[in-house]
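Dropping a structure here in structure tokens format, bear with me for questions.
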Amino acid sequence: MAAGKGTRMKSATPKVLQQLAHQGLVQHVLDTAAQLQARKVVVITGHGAEQVEAALLQTDEAAPRREFVRQMPQLGTGHAVQQALPVLDDDGVMVVLSGDVPLTEADTIQQLLEVCSDECLALLTLTMDNPFGYGRVLRNPDGEVNRIVEQKDGKPQELLVKEIYSGIMAAPTRLMRQWLGRIDNHNAQQEYYLTDVVKLAVADGVPVKAHMIHDAVQVAGVNSPQQLAELEREYQQRQARRLMADGVRLRDPARFDVRGTLQCGQDVDIDIGCVFEGNVTLGNRVKIGAHCVLANCTIGDDVVISPFTHIDGGKQPVQVGAGSLIGPFARLRPGTELAEEVHIGNFVEVKNSTLAKGAKANHLAYLGDATVGERVNYGAGSITANYDGANKHRTVIEADVHIGSNSVLVAPVTIGAGGTVGAGSAVSKDTPANALSVVRGRLTLKENYTRPAKIQK
């Protein structure tokens, strides 16, 4: 259910609703449903329906089939589930989840389904020291559940009960269809309560069973920015504990964020303040320095990423080859593919480019739409001028080329293998192999140029 407005999120704009739906709350619930291999997922929307539905359009064909139904107007939780009945088959079991309760684990729901066993009404419950605001689970003298009373409808003695209903239940769809057709709104809020199906099940002689858990975070909901932040921290702590159990070294688990999926090889070391978004894979023995942001990328074995580096693959994931050194303060943008042992240093930006084994751009440089050969040395302050105001063009730098400092390569252009571009040059014409190109106002070209030998110290 994702139809409600929330009691303390009344200032949420349509854009905020879309972000909440896509980035966190409802998406977590949909991911849980996918783990359960549900036959169909029905999302009930209401307030901000257009924005929520747009954010949750199905993109993964392997996920359960997803349908949207709208609750207009919002007349209570029972009324919300009624909207889903026309698209559900009677031969299945219905699990009701809340879109603002994001951290319920798939194993917990699976246990609830086993309690239901296609023949009874199963409720997920919890004992709380302060149950204010939750429906209380009332039992008969034999300990059997016979009804749920909401906070606003409970008598003082009933509100002393500490066992609460989490908002999550499972029941055969054929039975839920019967009960939801009989609920009414004769209560303090004049709403159709989903919880009223409990007393109807009891009246029909259908067993009502409670599956009690002891992890309050799994049933915690979000009605305010503060609650959202608190649950986010708890979620990150659980992610951190899972990774550390697998051998990942986190310098401080409290300063660590996974906002997507993170897969790590052996002996990975992650410093403080790092953020991982989208799908990120780290190979064996990778070291990530402090305050890096990595999104949609694959990092090879033995890569060192120094502090304050930003890698974002977007729709064209970044690939970093084994043994490469990246940063500090480097930026790798979509379409970047680095082979083994590439060096990308401080204040270097790379976009939609491939760099072959051993290529280096160590300082203050830009490589965009470029193909760079093996062992190229790309000097400080150099750029590829890849955009002419209308179209982007490719720069090709062949193997063993040296690009001097403060040079501009005006695409489309090819620098031949073994060539050298003199410092401060602006090259807009292809140069042959092993040539020295110095372009300062006009081209000075020396073919068959031999670089000075290195001085042995």
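Please read all numbers here as calculations on a predicted model, not as lab measurements. Counting begins at 1 with the first residue of the sequence.
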### Message
Looking at Thr309 and Arg331, would you say the former's side chain and the latter's main chain have a donor-acceptor pair under 3.5 Å?
### Response
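Such a contact is absent between Thr309 side chain and Arg331 backbone.
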
### Task
Tell me, with the steps shown, if Asp312 and Arg333 meet salt bridge (Lys or Arg N to Asp or Glu O under 4.0 Å).
CA-CA 5 Å; Asp312 185 1; Arg333 292 172 57 194; over 6 Å; no

#### Entry: Heavy-atom pair of closest approach, residues Cys297 and Leu294
SG-CB, 3.9 Å

### Query
Stepwise, does the side-chain hydrogen bond (donor to acceptor under 3.5 Å, both in side chains) test hold for His211 with Gln111?
CA-CA 8 Å; His211 175 54; Gln111 293 165 9; 3.1 Å; yes

### Query
Can we say Glu50 and Arg70 salt-bridge, meaning some charged N sits less than 4.0 Å from an Asp/Glu carboxylate O?
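Yes, charged N to carboxylate O under 4.0 Å.
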
### Task
Count the heavy atoms of every other residue, nucleotide or ligand shown that sit under 6.0 Å from NZ of Lys360, and state whether that count exceeds 12.
no

#### Entry: Residues forming a salt bridge (charged side-chain N to carboxylate O under 4.0 Å, His left out) with Glu114, sequence neighbours excluded
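Expected list: none.
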
#### Entry: Any donor-acceptor N/O pair, Gln37 side chain to Ala34 backbone, under 3.5 Å
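Side chain of Gln37 to backbone of Ala34, a donor-acceptor pair under 3.5 Å: no, none is there.
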
### Query
Between Arg177 (side chain) and Leu85 (backbone), is there a donor-acceptor pair under 3.5 Å?
yes

### Task
Inspect the contact between Lys287 and Asp267 and indicate whether a charged nitrogen and a carboxylate oxygen are less than 4.0 angstrom apart.
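Looking at Asp267 and Lys287, the cut-off is not met.
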
### Task
Measure the NZ-CD distance between Lys357 and Glu374 for me, rounded to the nearest 0.5 Å.
7.0 Å

### Query
Going through the checks in order, is the side-chain hydrogen bond (donor to acceptor under 3.5 Å, both in side chains) test met by Asn146 and Asn140?
CA-CA 6 Å; Asn146 60 10; Asn140 63 23; 5.8 Å; no

### Query
Going by an N to O cut-off under 4.0 Å, is there a salt bridge joining Asp271 and Arg249?
no

### Message
I need the full list of salt bridge (Lys or Arg N to Asp or Glu O under 4.0 Å) pairs touching residues 117-132, with sequence neighbours left out, sorted by first then second residue.
### Response
Asp118-Arg174

### Message
Checking Asp204 against Trp179 for the side-chain hydrogen bond (donor to acceptor under 3.5 Å, both in side chains) test, could you report, in this order, the C-alpha distance in whole Å, the side-chain angles of both residues, the deciding distance, and whether it holds?
### Response
CA-CA 9 Å; Asp204 290 348; Trp179 299 329; 2.9 Å; yes

#### Entry: Rounded distance [0.5 Å steps], CG in Leu121 versus CG in Leu175
9.0 Å

### Task
To the nearest 0.5 angstrom, please state how far the NE2 atom of His343 sits from the NE2 atom of His363.
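Rounded to the nearest 0.5 Å, the NE2-NE2 separation comes to 11.5 Å.
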
### Message
Tell me every residue that passes side-chain hydrogen bond (donor to acceptor under 3.5 Å, both in side chains) with Gln83, counting only those two or more places apart in sequence or in another chain.
### Response
His79

#### Entry: Note: Arg251-Asp269 ion pair, threshold 4.0 Å (strictly below)
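Result for this pair is yes, salt bridge flagged.
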
### Message
Among residues at least two apart in sequence or on other chains, which ones pass side-chain hydrogen bond (donor to acceptor under 3.5 Å, both in side chains) with Thr261?
### Response
Asn279

### Query
Would you say the ring centroid of His28 lies under 6.0 angstrom from that of Tyr235?
yes

### Query
With no hydrogens and no angle check, is any side-chain donor or acceptor of Gln82 less than 3.5 Å from a backbone partner on Leu180?
yes

### Query
Counting only N and O atoms by type, is there a donor-acceptor contact under 3.5 Å from the side chain of Asp89 to the main-chain atoms of Asp91?
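Pair absent, no side-chain N/O of Asp89 close to backbone of Asp91.
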
### Task
With His291 as reference, evaluate Phe256, Phe329, Phe308 under the ring-ring contact (aromatic ring centres under 6.0 Å, His included) test and give the passing residue.
Phe308

### Query
After noting the C-alpha distance and the side-chain angles of Glu105 and Arg238, does the key distance pass the salt bridge (Lys or Arg N to Asp or Glu O under 4.0 Å) rule?
CA-CA 12 Å; Glu105 296 177 1; Arg238 294 183 179 210; 3.4 Å; yes

### Query
In chain order, what residues pass the side-chain hydrogen bond (donor to acceptor under 3.5 Å, both in side chains) check against Glu150, with sequence neighbours excluded?
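Partners of Glu150 under the side-chain hydrogen bond (donor to acceptor under 3.5 Å, both in side chains) test: Thr195.
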
### Query
Is the closest basic N to carboxylate O distance between Arg139 and Glu144 below 4.0 Å?
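Between Glu144 and Arg139 there is no salt bridge, as every charged N stays at least 4.0 Å from the carboxylate O atoms.
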
### Task
Could you pull out the closest heavy-atom pair between Asp257 and Glu232, with the gap in Å?
OD2-OE2, 4.0 Å

### Message
Restricting to side-chain hydrogen bond (donor to acceptor under 3.5 Å, both in side chains), what partner residues turn up for Thr125, sequence neighbours left out?
### Response
Glu163

### Query
Within the side chain of Ser353, is there an N or O that forms a donor-acceptor pair under 3.5 Å with the backbone of Ala370?
yes

### Message
I need the minimum non-hydrogen distance between Ser166 and Leu124, along with the two atoms involved.
### Response
OG-O, 2.7 Å

### Task
Search all heavy atoms of Pro328 against all heavy atoms of Ser306 and return the closest pair with its distance.
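Reported closest heavy-atom pair: N-CB, 3.5 Å.
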
### Message
If I take atom CG from residue Leu36 and atom CG from residue Asp31, how far apart are they, to the nearest 0.5 angstrom?
### Response
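Spacing of CG (Leu36) from CG (Asp31) equals 11.0 Å.
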
### Query
Under the side chain to side chain contact (heavy atoms under 4.5 Å, CB included) criterion, do Leu160 and Arg136 qualify, and how do the steps go?
CA-CA 9 Å; Leu160 295 176; Arg136 309 305 202 277; over 6 Å; no

### Message
Using modelled atom types and a 3.5 Å cut-off, is there a donor and acceptor pairing between side-chain atoms of Asp301 and backbone atoms of Asn284?
### Response
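Side chain of Asp301 to backbone of Asn284, a donor-acceptor pair under 3.5 Å: yes, one is there.
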
### Query
Quick check: does any side chain N or O of Lys40 sit under 3.5 Å from a backbone N or O of Val87, one acting as donor and the other as acceptor?
yes

### Query
Would you say Thr384's side chain and Thr395's backbone share a donor-acceptor pair under 3.5 angstrom?
no

### Query
When you look at CD of Gln266, are more than 12 heavy atoms from neighbouring residues, nucleotides or ligands closer to it than 6.0 Å?
no

### Query
Between Glu67 and Arg65, does at least one N-O distance fall below 4.0 Å, as a salt bridge requires?
yes

### Query
To the nearest 0.5 Å, what is the distance between CG (Leu282) and SG (Cys264)?
4.5 Å

### Message
To check you understand the geometry: which heavy-atom pair defines the closest contact between Val26 and Leu56, and what is its length?
### Response
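Smallest interatomic distance, heavy atoms only, reads CG1-CD1, 3.4 Å.
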
### Query
Between Arg241 and Asp246, is there a salt bridge with N-O shorter than 4.0 Å?
no

### Query
Once you round to the nearest 0.5 Å, how far does CG of Asn187 lie from OH of Tyr193?
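Result: 3.5 Å between the selected atoms.
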
### Message
Restricting to non-hydrogen atoms, name the atom on Val208 and the atom on Ala201 that form the minimum distance, rounded to 0.1 Å.
### Response
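It is CG2-CB, 3.8 Å.
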
